Amino acid sequence: MAVVFRTCKSLSKNAIFTRGISSSLRLHSQKPPTPPEPLVNVDVDDKSGVAVVTLNRPPVNSLNTPLLSELKNIIKGLEDNKSRGMILTSSSETVFSAGLDLMEMYNAPKDKLSAFWTTLQSTWLALYRSSFPTVAAINGHAPAGGCLLSLSCEYRVMVGPKFSIGLNETQLGIVAPPWFVICMRDVLGHRQTEMALTSGRMFSAPEALKLGLIDAMVTNKAEAITEAQKFIAQFAKIPPLARKLTKESVRQEGIKYMEDNMIDDLQMFMDLVTQEKIQKGIGLYLASLKKK
Ligand SMILES: CC/C=C\CC/C=C/CC(=O)SCCNC(=O)CCNC(=O)[C@H](O)C(C)(C)COP(=O)(O)OP(=O)(O)OC[C@H]1O[C@@H](n2cnc3c(N)ncnc32)[C@H](O)[C@@H]1OP(=O)(O)O
């Protein structure tokens, strides 16, 4: 495996300016700080050209603006490099992603909320319409936004039996936006989507397999990656342009929905998330998670 690019912008400045007592600017030298761990890692296999993209925001890979931005940049980089495929997974041993970072939505100023949602929209669109084959290797729990990322890929392999997956928004008193619904309907069909979404049900991996919410269940991450590689390998002889255009055609409803409704969708989110009772609900939910 060769690392092609890392998205972490290292804090390479080794000097800072501070304002002293005399108000004059002084230059202090200091040791270069250790660069923070990238929020998303990418490793491309030299032989197959397939990228393993690993969410890396402990403890639960909750999706905040910087992580989503990094993910979007990586997908764009893979597009530019005519990637042969992407496997999305997690560095955690128990959580694929806990979904949207609730801290980003709690007591946040409007400009931050807006930047958060628009980053989510564009990252989702980049993943959903990506030209290369995509597989989620779901090696842990995948509630809400974690499930959305998985549904946006073309194939889902999940480590089971103990992890769970689903769009649980209604259980939290919030509403899954229409593009979340489209993503689930793409995979489950109308009736099962209605049943799953109205109850906000989380499915164990075996239940998800039976329903078709995931395509395969394995017992560990290494097997998940191997299965994902096998899925992608079947496209080796399919002309990439024909594949890309066909995927776009099949996914046209979701793509068009987002392209035509970005602003309305943002407005819907802002109207909902800024309501007092929603804020109270998010606060209580966060407190219940921390109390566990
Ligand atoms: C109004 C909005 C309108 C429209 C938006 C609709 C779309 C929403 C989509 C979403 O994605 S909303 C997010 C929904 N996510 C969840 O319900 C998942 C909540 N988390 C869990 O169920 C569990 O954390 C887990 C099963 C994923 C993992 O369990 P475990 O390994 O036991 O970890 P902990 O629960 O102890 O969590 C560790 C740590 O992380 C914090 N945390 C967990 N999830 C989130 C999150 N989504 N956002 C922010 N922070 C989260 C948790 O509070 C713990 O914090 P500590 O400070 O105690 O370490």
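Just follow the structure's listing: the first ligand is 1, and inside any ligand the first atom is 1. A quick note: this is a predicted structure, and the numbers were derived from the prediction, not measured. All heavy atoms count here, side chains included; hydrogens, waters and symmetry mates do not.
- Atom 9 (C) of ligand 1 has as its closest protein heavy atom Glu169 OE2, 3.2 Å.
- Distance from atom 19 (C) of ligand 1 to its nearest protein heavy atom, with residue and atom name: Tyr285 OH, 3.4 Å.
- A salt bridge links Asp101 with Arg57: the distance from a Lys NZ or Arg NE/NH1/NH2 to an Asp or Glu carboxylate oxygen falls below 4.0 Å.
- Close approach of ligand 1 to Leu272 (heavy-atom distance below 4.0 Å) involves ligand atoms 3 (C).
- In this structure, Leu127 and Cys153 have side chains that are in contact, with non-hydrogen atoms separated by less than 4.5 Å.
- In this structure, the protein non-hydrogen atom closest to atom 56 (P) of ligand 1 is Lys290 NZ, 3.7 Å.
- In Leu100, the parts holding a heavy atom less than 4.0 Å from any atom of ligand 1 are both the side chain and the backbone.
- Hydrophobic clustering of Ile, Leu, Val, Met, Phe, Trp and Tyr side chains at less than 4.5 Å, counting indirect connections, keeps Met103 apart from Val60.
- Near Ser62, meaning under 4.0 Å from any of its heavy atoms, are these atoms of ligand 1: 46 (C), 48 (N).
- Annotation for ligand 1: atoms under 4.0 Å from non-hydrogen atoms of Leu172 are 14 (C), 17 (O).
- Proximity to Val273 (heavy-atom distance under 4.0 Å) selects the following atoms of ligand 1: 1 (C).
- Closest heavy-atom approach to atom 15 (N) of ligand 1 within the set Ser97, Ala98, Gly99: this belongs to Ala98.
- Distances from atom 3 (C) of ligand 1 to the protein include at least one heavy-atom value under 4.0 Å.
- Between Glu104 and Thr65, the closest side-chain pair of non-hydrogen atoms falls below 4.5 Å.
- Every atom of ligand 1 with a heavy atom of Pro59 under 4.0 Å away is listed here by number and element: 38 (C), 39 (C), 40 (O).
- Between His141 and ligand 1, not a single N/O pair is under 3.5 Å apart.
- Nearest to atom 32 (O) of ligand 1 among the protein's heavy atoms is Lys292 NZ, 3.0 Å.
- Listed by atom number, the atoms of ligand 1 under 4.0 Å from Ala144 heavy atoms are 9 (C), 10 (C), 11 (O), 14 (C).
- Regarding atom 25 (C) of ligand 1, its nearest protein heavy-atom neighbour is Val95 CG2, 4.6 Å.
- By the criterion of a heavy-atom distance under 4.0 Å, the side chain of Pro143, and not its backbone, is placed next to ligand 1.
- Looking only at protein heavy atoms, the nearest one to atom 43 (C) of ligand 1 is Val60 CG2, 3.7 Å.
- For atom 59 (O) of ligand 1, the nearest protein heavy atom lies 4.0 Å or farther away.
- Ranked by closest heavy atom to atom 48 (N) of ligand 1, the top entry among Leu148, Leu102, Thr94 is Leu102.
- Annotation for Glu276: atom CD does not count as buried by contact number, only 12 or fewer foreign heavy atoms lying within 6.0 Å.
- Under a cutoff of 6.0 Å and an axis angle of 45°, Arg251 and Tyr128 form a cation-pi pair.
- Residue contact check: Asp101 has heavy atoms under 4.0 Å from atoms 48 (N), 49 (C) of ligand 1.
- Between Trp179 and Trp124, the angle of the ring planes lies from 30° to 60°, which puts this pair in the tilted group.
- Closest heavy-atom contact between Leu272 and Val175: CD2-N, 4.3 Å.
- Summary of contacts: the protein heavy atom closest to atom 52 (C) of ligand 1 is Leu289 CB, 4.1 Å.
- Proximity of Arg185 to Glu194: side-chain heavy atoms (C-beta onward) are nowhere separated by under 4.5 Å.
- When all heavy atoms of Leu113 and Ala108 are compared, the pair lying nearest together is CD1-O, 3.7 Å.
- The cationic group of Arg243 lies under 6.0 Å from the six-membered ring centre of Phe235 and within 45° of the ring axis, placing it in a cation-pi geometry.
- A salt bridge links Glu227 with Lys230: at least one charged nitrogen is closer than 4.0 Å to a carboxylate oxygen.
- With ligand atoms numbered from 1 in the order given, ligand 1 contributes 4 (C), 6 (C) to contacts under 4.0 Å with heavy atoms of Val175.
- Trp117 and Phe269 have parallel rings, their planes meeting at less than 30° on a 0 to 90° scale where 60° marks the start of perpendicular.
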